[in-house]
Protein chains: 2
Amino acid sequence: MKMSGGVEWGLHCCVVLSGAGAPVTAAKLAELHDVSQSYLAKQLQLLSRAGLVRSTLGQSGGYVLTRAANEITVLDVVEAIDGVQPAFRCTEVRQRGPMAVPAERCDTPCPIARTMDSADRVWRESLRRVTIADLIADVNRTTPPEILAGAREWLRA
Amino acid sequence: MKMSGGVEWGLHCCVVLSGAGAPVTAAKLAELHDVSQSYLAKQLQLLSRAGLVRSTLGQSGGYVLTRAANEITVLDVVEAIDGVQPAFRCTEVRQRGPMAVPAERCDTPCPIARTMDSADRVWRESLRRVTIADLIADVNRTTPPEILAGAREWLRA
DNA sequence: GGCCACGTACTCGGATAGTTGCTGTCCGAGTGTTTCAGG
DNA sequence: CCTGAAACACTCGGACAGCAACTATCCGAGTACGTGGCC
């Protein structure tokens, strides 16, 4: 089980976009993070489809957040890039084989599926509790101020 | 993000193995669940490596659980088949690019990684709370008794 | 009749192909800016 | 000098290869049972 690596990039991009007041191009974001420019563009498209960021075309275009940083949760980004369907999908094994349970007797979900769904729910709830603003506050507290200022300046240039 | 489909098979097999008093062969388990015999053998090997089941060779061989059903958690099976490493792996993006943070200043983990680790922890904790015995109790309550008896008889033959 | 050795049939275990989905890349459609000519 | 339109340069968006991991499979190593011969 592996999450798409684009989730990490997307979260970093949201943090950066929140700090920059002006639109930032995908090329700048890619260079800042030293990742593939074309592939990051795809992740940004996913964020755009999900309505988390808004893209503006033209010479001074780029991406901006559509909402305040404290109104975007980590779960929003994860679901935008990695998809909303849970990792576990019940294939109804109990309805197969020589001792299959008829479908009409399967009114309640398989207990295995219920267990997995419950775990998936608490996982998503945990991610929903953290917002981009929380991440930014942590970044501001743990990274040297000169690097933050430098990055802000680098984005402007 | 998708979990290995073998996890579902492995859990169903543990439930069945707990009900059967004698060793059950991989071929029988595969036929009972109507899944690929060879592929399920691979999942059972993973369970064997993890020490959850014990394999006995020879004519009347097969697989048996090594512990009581209430001492095997769903997380044990998930980690045995799907692996123990978390779905999210931090690539230390902050240490890359033109505005990289030097490694010696990165004493605390990235807040993104911390958020993901926390979510992964509650997910695993949720799965750890459910045991095979819990699954069995639910199965016994929700499936018609004649099917349970039939399956037990089918396994014996 | 009891015991031992052998052969057989059955089991698991690891090494080997196939397929799906993630990773990475490219070029085309669209728009804001700039420039230049005309009034 | 001001205005308007056209050309340009830069942006995002979706369609196209490459690779890794999961899925599926096969055959070989090893063991318990059954059988036959011997004592």
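The analysis underlying the following values was restricted to heavy atoms, covering all of them including side chains, and did not include hydrogens, waters or symmetry mates. Chain letters run A, B, ... following the sequence lines, proteins first, then strands; residues in each count from 1. Model, not experiment: these values are computed from the prediction.
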Under-3.5 Å N/O pairs linking protein and nucleotides 4-7 of chain C:
none

Distance-minimising heavy-atom pair for [X] and [Y]:
X: B:Ala20; Y: B:Leu155; answer: CB-CD1, 4.0 Å
X: A:Leu127; Y: B:Ala119; answer: CD2-CB, 3.5 Å
X: B:Pro144; Y: A:Arg105; answer: CG-NH2, 3.2 Å
X: A:Ala26; Y: A:Tyr63; answer: CB-CE1, 4.1 Å
X: B:Trp123; Y: B:Val78; answer: CH2-CG1, 4.0 Å
X: A:Val77; Y: A:Cys14; answer: CG2-SG, 4.0 Å

Distance col, row B:Lys2:NZ vs A:Ser4:OG, nearest 0.5 angstrom, shows 15.5 Å

Identify the 5'-most and 3'-most nucleotides of DNA chain D with at least one atom closer than 4.0 Å to a non-hydrogen atom of chain A.
-> D:dC10 to D:dC22

Mind listing the residues from [range] sitting with a heavy atom below 4.0 Å of DNA chain D? Number order is fine.
range: residues 48-69 of chain A; result: A:Ser48, A:Arg49, A:Ser55, A:Leu57, A:Gly58, A:Gln59, A:Gly62, A:Tyr63
range: residues 15-24 of chain A; result: none
range: residues 84-96 of chain B; result: none

Quiz: residues 47-60 of chain B side-chain donor-acceptor pairs under 3.5 angstrom, not counting sequence neighbours:
from    : atom 1 : to      : atom 2 : distance (Å)
B:Thr56 : OG1    : B:Gly62 : N      : 3.3
B:Thr56 : OG1    : B:Gly62 : O      : 3.3

Scan side-chain atoms only and decide if B:Thr91 and A:Glu8 contain a donor-acceptor pair under the 3.5 Å cut-off.
-> yes

Do the side chains of B:Val7 and A:Met116 get nearer than 4.5 Å, heavy atoms only?
-> yes

Taking the side chain as every heavy atom from C-beta outward, state whether B:Ile112 and A:Asp138 have any atom pair closer than 4.5 Å.
-> no

State which residues pass side chain to side chain contact (heavy atoms under 4.5 Å, CB included) with B:Ala100; sequence neighbours excluded, sorted by chain then number.
-> none

Whole angstrom value for the distance that separates C1' of C:dA29 from CD of A:Gln45 | 13 Å

Any chance you could pull the hydrophobic cluster mates of B:Val101, using side-chain heavy atoms under 4.5 angstrom and chaining through other members?
-> A:Ile147

Among residues two or more places apart or on two chains, list those pairs meeting salt bridge (charged side-chain N to carboxylate O under 4.0 Å, His left out) that have a residue in residues 115-124 of chain A.
-> A:Glu79-A:Arg124, A:Asp120-A:Arg124

Expected rows: protein N/O vs nucleotides 22-25 of chain C N/O, under 3.5 Å:
from   : atom 1 : to      : atom 2 : distance (Å)
C:dT23 : OP1    : A:Gly5  : N      : 3.2
C:dT23 : OP2    : A:Ser4  : OG     : 2.8
C:dT23 : OP2    : A:Tyr39 : OH     : 2.8
C:dT23 : O5'    : A:Tyr39 : OH     : 3.4
C:dT25 : OP2    : A:Ser36 : OG     : 2.6

Which residue pairs pass the side chain to side chain donor-acceptor pair (under 3.5 Å) test with at least one member in residues 30-40 of chain B, sequence neighbours excluded?
-> B:Tyr39-B:Gln43

Scan B:Ala27 against the nucleic acid and name what it touches under 4.0 Å (heavy atoms): base, sugar-phosphate only, or nothing.
-> nothing

For B:Asp76, side chain to side chain donor-acceptor pair (under 3.5 Å) partners two or more places apart | B:Thr73

Would you call A:Asp134-A:Arg129 a salt bridge at under 4.0 Å N-O?
-> no

